[in-house]
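Since the structure comes first, as structure tokens, the remarks are kept for the end.
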Amino acid sequence: MPPRRRAQFTQENIDQQLQQIHLLDPSSSSENLEQLGPIIKQIHQNRQQEAYLRTLQALIDAKDAEIEAICGDNYQDFISSVSTLFTVKSYTNNLRDKITTLDSSVSQIGRGLAEKKRALLQSKKTAANLDEAIDNLQACLRVLDVVDRVGEMVKEGKYWSALRSLEDIQSMPPTSLSQTPLFQHLLTSLPSLRGQIKDAVTASTKQWLLEIRNISAQVGRSALEAMEYRSRRWRSRREKDPMLRLSRVGSAVETVTFEKTEYNVLENIKVDFKPLYQSIHIYTTLDSIDELRKSYQADRKAQSNLILPSPLQLSQLVSLTEEVTGFFIIEAHVLSTTGSFRSERDVEELWDALVTRLTGAVDYALKNESDPEGFLRAKEDLMAFIITLEADLFLLHSVTTLIYPAALREVCHDAGKAIQQTVQGYDYLPMHVDNAAEKEAVLKVVWLGRSEQEQLIQAPVPLNFPWSQSFYLCCQDIRSFVQRFYQFIEGVSQHHRNVDELLSKSLDVILSNHVSNSIGDRLAKTSTLSQVAQIVTNLEHFEVACSELERSLTSLRSAQRGGTIRLTATPSFANTLTRALARINELITSKLDDFFELSEYNWTPHSREDAPSMYLYELVNWLTTVVDSLVIKETYKEEAYRGAVSYIAQCLMDFLTDRNILMMNENAISNILVDVDFLEDQFKASGRAHLTTVFGELRSTTSIVLSNTVQEYLVPANRQTSYSNVKPKRLQALLEKLAKYGGSCKDAPSREKGEKRRKEVDAVGRLFPGESR
């Protein structure tokens, strides 16, 4: 940074400043000397600067003189050097021009060589590209040829080879072709080609399904014919060998014999399963086996739905069973030969659905069939169908419990209708036989307890049996049904337990619905006590017959390797028997009502009676005569007596407490007690003194009134010990009748007594406001 230069002041500037200074200010009392200081300082500085400049100028002048002397001494040498430099410069320019000319020539020659070399390199590159293009085209042609052959193989049905070719394309080792757009395009088209193979396989499977649907009936027919031949051959052998009599077709003994000449219906008809196996293989490779499995199940389900005609005629049953048999023989073969492709559950699903529909169709067809021969033909057709399927398949354990009972129910229904007509059509009178042959014939039919059967065997003829003819005919019809059942079930290959269960259910239906319920319906329409008593006897024998029938059927099944047969119809007869006993009580009480309607009580008599009411003589005579003449057990007679006497006591108690009787006096109560005394004496005389306890409430209630012990009754302790059978509301009602009678009297004592009864009514009502009569 250069030194700061001092400010210079000219003489003119100094004079100008001096002119501006006023030493004496007229307006000021002091002198203005301070303004002179800066001016004097500036003058001093100007003088110093002038001296410095003069010294510097002297030095410069001395230096110029020295330089001038030096230049004068070296001038010639400088001129010579300059001349030499100009000469060198001239040579240098000439040399540069020559070099430029030479460089231009060399550049022109090199440019030509470079162009030739570049052209040569381009030619080599083009040749290499052509070679590579040829190789790629040849590789592409090979790949395109494989793709083209894939289409041909699909058309020829060589689906696995086509799929393997696609796998080979995808697994090719990396080459220059791998990076080409064509190859990438081929790779992206592989899923589409696989889809074409898959569609072609699916189409072949659909065609195969159609073919096996058309051939199912033929397969089933061949299987049924083979089983018929097998059954005839075994039947002939069984007749020759008694030891084989209990063995059936499909048993262990027969199966071992049959294995020597085993007959394969699918090989005989030559059913080709290759399309299915091929489809399974292709779909498994494509990781789509679940899709094929679902599609196959849906297709077979749709085909099974088309098997059954609607409605089914029994004449169509043979062709129907042939088609069903063929359908499931094919399914069983697919199940056993395709590994995990099919499951037992899938086939059982088809079976259950088809058998359910088949059962309903057969059931409907049998309901419209009345010809016994039609039932027999249906039975034979179904039996052949069942034997064939059980012999060839492993999963049809429920066939007899689903299809066969459809026909058997109709047989059961027919037997039930016949028995029901027997129950409704015959009078309930004791069955009579005139000679020993008739008695023996009857005893062979009915089921009786051992002791009763022995007594009847020893009884002389002519004889009246305890039961009526309807019981005998029902037993006869049941025996006929059991015989028909075993004839109907003969030859069916099923477990003995299934046969026992089927027979038990059928008998329970007949006994409960057609016998017990029909007797109950007849019971409601019967108004004669003797007939009701006979119904009671029949019901007792039916209860015994159920247990005896169980025992006899169990013995029969044991001889044929069967089990124990249990019947559940006994409670039904017990319930109907209870209804019959209640019907006896109902008829007795109805007749008793007729007697009580004849009663003519005076409820406000002026005196007490010494003799009972006249209607009671007739009532007691009728009751003892009718009940004692009933041909029933003594316990049932005792129940009838107890029910009748309880009803009589209830009616007499209702007289005392009935709202329809407005007033009553003590004499009327005493007259009721006279009737009670008479009834008790009559029952004691007939040996039924224990029945008199039913009058306990009436006696206790009337004793409180007649002995004027109402206040004593109001004491809780007395009420619980001495009057526990007295109902407060009934006592209150009786006191109210007495109070109204006293209030209606004109004499003072009676009115006073009536007022007392009124207070007792209120007292009893306050103590027991919530109790009912």
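Side-chain atoms are counted along with the backbone in the values below, which use heavy atoms only and exclude waters and symmetry mates. All residue numbers refer to positions in the sequence shown, counting from 1.
The heavy-atom pair separating Arg342 from Asp346 by the smallest distance is NH1-CB, 3.6 Å. Contact between Glu344 and Leu335 at its shortest, heavy atoms only, is N-CD1, 3.8 Å. Minimum heavy-atom separation, Ile329 to Ala223: CD1-CB, 3.4 Å. For the residue pair Ser340 and Arg293, the shortest heavy atom distance occurs at O-NH2, 3.4 Å. Scanning all heavy atoms of the two residues, the minimum distance from Ser204 to Pro275 falls at O-CB, 4.3 Å. Minimum interatomic distance between Phe327 and Ser216 (heavy atoms only, all atoms of both residues): N-CB, 4.0 Å.
Here the CD1-CD1 distance, from Ile330 to Ile269, works out to 8.5 Å after rounding to the nearest 0.5 Å. Here the CG atom belonging to Leu102 is positioned 8.0 Å from the CD1 atom belonging to Ile99, to the nearest 0.5 angstrom. Interatomic distance, Glu331 CD to Gln297 CD, rounded to the nearest 0.5 Å: 7.5 Å. The distance from the CD1 atom of Ile215 to the OG atom of Ser222 is 10.0 Å, given to the nearest 0.5 Å. Remark: Leu276 CG to His281 NE2 distance equals 13.5 Å, nearest 0.5 Å. Taking CG of Asn214 as the start and CD of Glu323 as the end, the distance is 9.0 Å to the nearest 0.5 Å.
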>> What verdict does the side chain to side chain contact (heavy atoms under 4.5 Å, CB included) test give for Val324 and Val355, after you've listed the backbone C-alpha separation in whole Å, the side-chain angles of each residue and the deciding distance to 0.1 Å?
In response: CA-CA 9 Å; Val324 174; Val355 168; over 6 Å; no
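A side-chain donor from one of Arg300 and Gln303 sits under 3.5 Å from a side-chain acceptor of the other.
Between Thr325 and Val219 the shortest side-chain heavy-atom distance does not fall below 4.5 Å. Within the 4.5 Å cutoff, the side chain of Arg213 has heavy atoms near those of the Leu306 side chain. With a 4.5 Å cut-off on side-chain heavy atoms, Thr337 and Phe273 do not count as touching. Taking the side chain as every heavy atom from C-beta outward, Phe328 and Leu350 approach each other to under 4.5 Å. Leu358 places none of its side-chain heavy atoms less than 4.5 Å from the side chain of Thr321. Contact check for Ile79 versus Ser83: no side-chain heavy atoms found under the 4.5 Å cut-off. At least one side-chain heavy atom of Ser279 sits less than 4.5 Å from a side-chain heavy atom of Leu292.
Salt-bridge formation is detected for the pair Glu115/Arg118: a Lys NZ or Arg NE/NH1/NH2 atom is positioned less than 4.0 Å from an Asp or Glu carboxylate oxygen.
Of the candidates Asn93, Thr92, Asn94, Thr100, Asn93 is the only one forming a side chain to side chain donor-acceptor pair (under 3.5 Å) with Arg96.
Listed for the Trp208 side chain is no donor-acceptor partner under 3.5 Å among the backbone atoms of Lys274.
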